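Computed from a predicted model, the values in this text were never measured in an experiment. Order of listing sets the numbers, starting from 1, for every ligand and every atom in it. The residues of the chain are indexed from 1 along the displayed sequence.
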Amino acid sequence: MVNIYDLLNQMTIEEKVGQLIQLSAPFYSNVDDITGPMNEMNMTDEKIYQVGSVLGLTGAKLVKEVQKNYLEKSRLKIPLIFMADIIHGDTTIFPIPLGIGATWNPILAKRMAEISAREASVQGLHVTFSPMVDLVRDPRWGRVMESTGEDKFLNSKFAKALVSGYQGENILESKEHLAACVKHFAGYGAPRGGRDYNSVDLSENTLRDQYLPAYYAAIEAGAKLVMASFNTLDNMPASGNKKLMRNILRNEMHFEGVLISDWGSIGELVSHRVATDLKEAAELAIDAGIDIEMMSAAYSKYLVSLAKQDKLILEKLDEAVLRVLKLKEDLNLFENPYRGADEERESNILYSKEHLDEARRIAEESFVLLKNKDSVLPINNLNNVALTGPFKDNRNILGAWSWLGHKHSPKTMQEELSEVVTFEENLIFEGQASFRLSFLDNIETLIVAVGEDVEMSGEAASRVDITLPKQQICLIKELYKLRKKIVLVIFNGRPLDLSEIEPFVDAILISWFPGSAGAAAIKNVLTGKTNPSGKLTMTFPRSVGQIPIFYNEDSTGRPFSVSKEKGKYFSRYLDCHNSPLYEFGYGLSYSQFKFNEIKLSKFEIWNNDELEISVDITNISEVDGWEVVQLYIQDSVAKLARPIKELKGFKKVFISSGTTETVKFIITEEDLRYPHFDNIFTSDPGEFLVGVGNSSSVEFSKSFILRK
Ligand code: NOJ
């Protein structure tokens, strides 16, 4: 058994600093001759065998060889940790996280994380840079695809589910789990103008009330690592932000694990112009408590000399090294440096039928049906359907974080649908439009597969225009002239502005980037084998000019309502509604549900009371289906201006045709707290309004009083 305190005592300062350095795969991919940009990263042959972790190197054989070679050549034989971005699957790719959010089913998120961890571990990985729990309100930002959405309550449930899926119950013993790294701390989801890497300016109240809870949930669930974000907060970049990292993350949130920088973000303290050079950047970062430096050279160039000159820096260095060693201990690497890496099992586990089936099932639940005029879906008569649009035979539907995914394996919509539909011929679209009109005589429904290219969302992929590409808009308008029913299937990594095309189509199915089994899932939903049950977790605006737009905006002094349509001095736009095109929580089903009157177990509660809120929901249609029952609350009169509505509970229930289910929620005083002037979470006595429905547009219909 290795004692990490004894180990620390044996380490030279150089070896200690080595533990805090993370290098990317190219430094190690040729085992005998480690190459990479050695000079830029200040690496020498000696230093390379002191480094603590590697980023983005996978494959059981390679990882084992690199580890073996490293252990042979390094003096103290402290195993490397292998980390990578396993975000929505490893080899089997699941829907993008925004789609995972739209399932409103944290059990499925946990399942995705378990399978991802199983596949990644067998390939030799130990840590995933996931979950990304940044709250997002601006669809121009390409990284909204990595988030589960705009609501803290929902994001917190997903954060917890993902961490427990990745880490399992006993990460020390298990070879099938990964340590989770929650990111990007903090507030990365709110870049000004939706432009990636841009600065963030949040009030402390909003930061604490809206943005911190999901990170907190991940930490409470035991996430072993946290990643610092690229952005500033209060004008200080996170990687040098002592208040954020030491006061909030360590002291208030009690995070004891490893804090890692983002790619090059310590070096970027110089570009932010808060450090003159890398030496000052290293000082700021170690002072803020950043343990591992990912891919910049501040620690590798300057931390040794800084620690030799300054006892306080040496203390901080020791603290950081101990945290890294502790992580290695928690992962059992001292006993088994190869952990789950296993070439033989790799071929059985990766991309297995079982995993693909799960990916399909999860994709089916992630789709959101936005429009279904005259119940055009599901398609009952499969003999008079045509398929067109640029995504009809596009395999590139895995999503932006699918670097290990089998890019050529996903089937296309055409391949999948051909199994059930006899296309006489496909509708052809070339340039503006050239249609075989005689063939179209027999066609009743056109399935049109459109969307953003995968590269249009994800990191460094912000857009100011979030409509569909212009050519696709033209296609839809041309097709409309044919007087057929139009079913639009959209592939997208963000909420889009669909205002222009919405009137031209009968149905809209949002399929996000659905992953390895996405096309099969689409087939099942279009044909009615699966009843859609996804709901938006991020608002779809009418216009980019409404952004940021989210359901839980704060009350204003001049609230606008439709009854005041003629007044001028209200909080409104002259040229657009305030409301979005599709709101948070919205999504249709092939079933019809009737929400009956809400019942409250009491009309007033005291501090330790539990209030039960229940509602009966009847499936009044002929189709069995799932409904996401959502509980919203408003603090009628508060000490601060509060959101007009807040999600406080949700349940996804299966209701058979013609039957009624009762859904119950419990509310206590704790659920009504928010940060007051002094940042202390407390509640306001008085009235709270209650609404239960199937989207955030639900009206409040009951109220209760909180007494103190
Ligand atoms: C930069 C991204 O911001 C982060 O999310 C990711 O984990 C790292 N690169 C490592 O690839």
Side-chain angles (χ1 to χ4, degrees), residues 20-29 36 41 51-58 81-90 96-98 100 113 116-117 120 123 125-136 141-148 155 159 162-163 166 178-191 194-200 214-215 218 223-233 237-239 257-269 271-272 285 290-296 399-405 455 457-462 493:
L20 308 194
I21 293 169
Q22 175 159 110
L23 295 181
S24 66
F27 283 86
Y28 291 92
S29 19
M41 292 298 295
V51 159
S53 55
V54 181
L55 150 73
L57 191 104
T58 66
I81 309 189
F82 293 88
M83 309 195 185
D85 293 280
I86 305 300
I87 310 287
H88 50 108
D90 173 279
I96 57 170
L98 198 55
I100 296 290
S116 307
Q123 294 201 286
L125 287 174
H126 308 144
V127 170
T128 175
F129 297 130
S130 179
M132 185 279 222
V133 303
D134 300 317
L135 187 129
V136 286
W141 191 48
R143 297 197 80 170
V144 301
M145 56 81 57
E146 286 176 61
S147 166
T148 48
N155 286 357
L162 289 165
V163 171
Y166 288 129
L178 300 171
C181 175
V182 58
K183 66 191 190 186
H184 306 82
F185 196 77
Y188 184 45
R195 205 178 72 216
D196 206 4
Y197 314 124
N198 205 4
S199 35
V200 168
Y215 306 112
K224 298 268 176 209
L225 298 93
V226 168
M227 187 185 290
S229 55
F230 286 121
N231 57 278
T232 57
L233 256 189
S239 297
V258 168
L259 177 57
I260 186 168
S261 80
D262 202 342
W263 182 290
S265 69
I266 297 184
E268 287 170 23
L269 293 172
S271 322
H272 277 290
I290 307 285
D291 300 322
I292 297 182
E293 177 175 32
M294 183 199 293
M295 288 305 291
S296 52
W401 275 112
S402 53
W403 61 292
L404 289 172
E455 301 299 322
S457 60
E459 191 174 342
S462 298

Can you tell which of Val163, Val182, Thr148 makes a side chain to side chain contact (heavy atoms under 4.5 Å, CB included) with Val133?
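Between Val133 and the candidates, side chain to side chain contact (heavy atoms under 4.5 Å, CB included) is satisfied uniquely by Val182.
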Backbone of [Y] reached by a side-chain donor or acceptor of [X] within 3.5 Å:
| X | Y | answer |
| --- | --- | --- |
| Ser229 | Ala186 | yes |
| Asp90 | Ser116 | no |
| Tyr197 | Pro191 | no |
| Ser261 | Ser239 | no |

d(Phe185 CZ, Leu233 CG) to nearest 0.5 Å is 8.5 Å
Run the numbers for me: atoms of ligand 1, each under 4.0 Å from some heavy atom of [X], listed by number.
| X | value |
| --- | --- |
| Asp262 | 1 (C), 2 (C), 3 (O), 4 (C), 6 (C), 8 (C), 9 (N) |
| Phe129 | 7 (O) |
| Lys183 | 4 (C), 5 (O), 6 (C), 7 (O) |

Are any of the N or O atoms of [X] closer than 3.5 Å to those of ligand 1?
| X | answer |
| --- | --- |
| Trp401 | no |
| Trp263 | no |
| His184 | yes |

Ligand 1 contacted by Glu146 (non-hydrogen, < 4.0 Å): no
Quick look: Met132 vs ligand 1, heavy-atom contacts under 4.0 Å, and the answer is neither
**Prompt:** So which protein heavy atom does atom 11 (O) of ligand 1 come closest to, and at what separation?
**Reply:**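 Sorting protein heavy atoms by distance from atom 11 (O) of ligand 1 puts Asp85 OD2, 2.5 Å first.
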If we count only N and O atoms by modelled type, under 3.5 Å, do the side chains of Asp134 and Ser147 hold a donor and an acceptor together? no
